[in-house]
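Input: a single structure, listed below in structure tokens.
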Amino acid sequence: MSFHPDGFPLFLTFDLDAETMWTARDPNNANRPILMSQGAYGWKVGIWRILDLLDRYGIKSTFFVPGLVMEQRPQVVEALLTRGHEIAHHSWSHAWIVNLTPEQEREEMEKGIEIIRRMTGRAPRGWRSPAAEFSPITMDLLVENGFDYSSNFFDDDSPYIHSHKGQKTKLVELPFRWVLDDAPFFQYSIILPGRTLQAPSAALEAWTLEFDTLYAEDRMMMLGMHPQLIGQPSRLKLLEGIIEHALKHPRVVIGRCDELVDAMRPCLEAAAS
């Protein structure tokens with residue numbers, strides 16, 4: 001079944017965690033300038049390569065950005081908006097939800113919503129959790145705050161509408177899996193023992209095979225990437241490679257999560273009824 005009236009949805013999404021990728025693991029990492037510089041690469045260098053690449057192909061995308069990064073790097077927010085991309089909610093500080101009290105999680109949610117509304121002119125429509133975790137109250141918060149979509153769960157290869165507490169919601173899930181994330185291939189640091197760097201060709205092979213299967217099954221494909229990782233020179237060639245591979249196929253639609261969800265919603269609601 002096609003979930004998009006124009007074809008096969010391919011989502012190229014980016015989590016602009018910057019330094020919060022490391023401070024969320026341990027606040028004391030803020031005192032390690034070399035480690036912090038790995039995060040800074042995302043907003044200083046990587047994001048600009050990515051934006052230029054997307055411009056060359058006329059692609060608009062979704063960036064999940066912690067509120068703290070938005071507050072610290074307004075020039076990046078301005079560039080994302082000027083170039084027509086969506087900014088979605090990725091917490092306030094990238095704190096891992098499983099380590100928070102319900103009150104702290106609610107504060108992270110509310111502060112993130114407030115800064116996105118203030119800097120973009122509208123409330124966020126989508127949510128991606130830090131480190132792919134939900135607490136017992138996360139879904140409550142998404143429903144209460146009227147989110148249109150979530151991109152968190154690993155339980156499908158097709159979009160679907162969530163039910164919560166026995167009730168159908170308006171929340172569309174855009175699922176992904178770790179193989180569709182750049183971090184398992186490329187995230188390396190001395191504080192992550194056992195991690196090894198893989199060649200971009202390994203990810204390109206995996207993502208190409210994923211695309212071919214998902215496309216043949218008429219599902220969707222959600223890539224989750226990080227500018228501090230995918231924005232490095234060799235990895236950017238990987239991103240360009242998967243774009244070029246996808247565009248060789250008819251019916252491929254690459255776009256922002258909010259716009260693609262709007263287009264898919266009638267089919268999803270019909271399937272859920």
Side-chain angles (χ1 to χ4, degrees), residues 11 13-30 35-36 39 42 62-72 86-117 123-156 159-165 167 169-184 187 189 191-192 195 222-229 257-258 261:
F11 300 86
T13 66
F14 303 88
D15 296 359
L16 183 58
D17 300 337
E19 292 91 339
T20 67
M21 178 183 283
W22 306 104
T23 54
R25 293 175 180 274
D26 181 355
N28 291 325
N29 283 336
L35 185 62
M36 290 298 94
T62 295
F63 289 76
F64 294 88
V65 190
L68 186 61
V69 177
M70 296 180 65
E71 181 179 71
Q72 294 172 338
E86 178 193 13
I87 295 178
H89 200 325
H90 195 41
S91 82
W92 172 258
S93 68
H94 206 262
W96 291 13
I97 286 174
V98 292
N99 296 330
L100 300 178
T101 66
E103 294 75 21
Q104 289 171 328
E105 182 179 354
R106 184 174 291 275
E107 181 182 14
E108 285 265 324
M109 177 67 75
E110 291 174 351
K111 289 177 69 176
I113 291 173
E114 190 280 328
I115 195 169
I116 290 175
R117 182 182 282 116
R125 296 186 60 190
W127 159 266
R128 178 172 287 160
S129 68
E133 293 284 0
F134 266 41
S135 81
I137 71 162
T138 304
M139 191 63 75
D140 292 334
L141 294 175
L142 297 182
V143 173
E144 286 173 20
N145 286 287
F147 281 91
D148 289 303
Y149 71 87
S150 150
S151 181
N152 295 284
F153 284 79
F154 292 18
D155 56 349
D156 210 328
Y160 61 88
I161 296 178
H162 278 286
S163 292
H164 181 54
K165 296 182 176 178
Q167 299 293 320
T169 75
K170 71 169 187 175
L171 188 66
V172 173
E173 181 62 36
L174 303 175
F176 75 115
R177 289 168 284 112
W178 284 126
V179 70
L180 300 175
D181 191 299
D182 60 356
Q187 189 177 25
S189 170
I191 71 167
L192 301 174
R195 294 284 187 106
M222 168 62 71
L223 285 172
M225 298 165 281
H226 302 79
Q228 63 185 275
L229 304 176
C257 292
D258 56 351
V261 163

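All heavy atoms count here, side chains included; hydrogens, waters and symmetry mates do not. These figures come from a predicted structure and were not determined experimentally.
Minimum interatomic distance between A123 and R117 (heavy atoms only, all atoms of both residues): CB-NH2, 3.5 Å. The two residues H162 and S150 have their closest heavy-atom pair at NE2-OG, 4.3 Å. When all heavy atoms of P159 and P175 are compared, the closest pair comes out as CA-CD, 4.1 Å. When every heavy atom of T20 is checked against every heavy atom of S93, the shortest pair comes out as CB-O, 3.5 Å. Of all non-hydrogen atoms in F147 and L171, the two that sit nearest each other are O-CD1, 3.5 Å. The two residues M70 and I116 come nearest to each other via the heavy atoms SD-CG1, 3.6 Å.
Two residues are said to be in side-chain contact when any heavy atoms from C-beta on lie closer than 4.5 Å; S189 and L35 meet this criterion. Counting only heavy atoms from C-beta outward, the side chains of E86 and C257 approach each other to under 4.5 Å. By the 4.5 Å heavy-atom criterion applied to side chains, H226 and Q187 are not counted as neighbours. Using a 4.5 Å cut-off on side-chain heavy atoms (C-beta onward), Y149 and D258 make contact. Within the 4.5 Å cutoff, the side chain of D140 has heavy atoms near those of the K165 side chain. Residues T169 and M139 fail the side-chain proximity criterion, which asks for heavy atoms closer than 4.5 Å. Side-chain contact between D148 and V172 is absent, with no heavy-atom pair separated by less than 4.5 Å.
Evaluation of the side-chain hydrogen bond (donor to acceptor under 3.5 Å, both in side chains) rule for D17 yields H90, H94 as partners, not counting sequence neighbours. R177 pairs by the salt bridge (charged side-chain N to carboxylate O under 4.0 Å, His left out) definition with D157, E210, not counting sequence neighbours. Residues forming a side-chain hydrogen bond (donor to acceptor under 3.5 Å, both in side chains) with E71 (at least two apart in sequence, or on another chain): none. When the side-chain contact (heavy atoms from CB on, under 4.5 Å) test is applied to S135, the partners found at least two apart in sequence or on another chain are I97, E105, I137, T138. With sequence neighbours excluded, no residue forms a ring pair (Phe, Tyr, Trp, His ring centres under 6.0 Å) with W96. Listed by chain and residue number, W178, D181 satisfy the side-chain contact (heavy atoms from CB on, under 4.5 Å) test with P184 (two or more places apart in sequence, or in another chain).
Between the side chains of N152 and S129, at least one donor N or O lies within less than 3.5 Å of an accepting N or O. Between Q104 and W92, the side chains place no donor N or O within less than 3.5 Å of an acceptor N or O (distance only, hydrogens not considered). Checked by atom type, the side-chain pair T13/R128 shows a donor-acceptor distance below 3.5 Å.
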Item to check | Audit row: F176, F154, ring pair (Phe, Tyr, Trp, His ring centres under 6.0 Å) steps and yes/no | outcome: CA-CA 5 Å; F176 75 115; F154 292 18; 5.2 Å; yes
Checklist entry - F153 and Y160: ring pair (Phe, Tyr, Trp, His ring centres under 6.0 Å), yes or no, with the steps? => result CA-CA 11 Å; F153 284 79; Y160 61 88; 7.3 Å; no
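Note that CH2 of W127 and CZ of F134 are 7.0 Å apart. Values are rounded to the nearest 0.5 Å.
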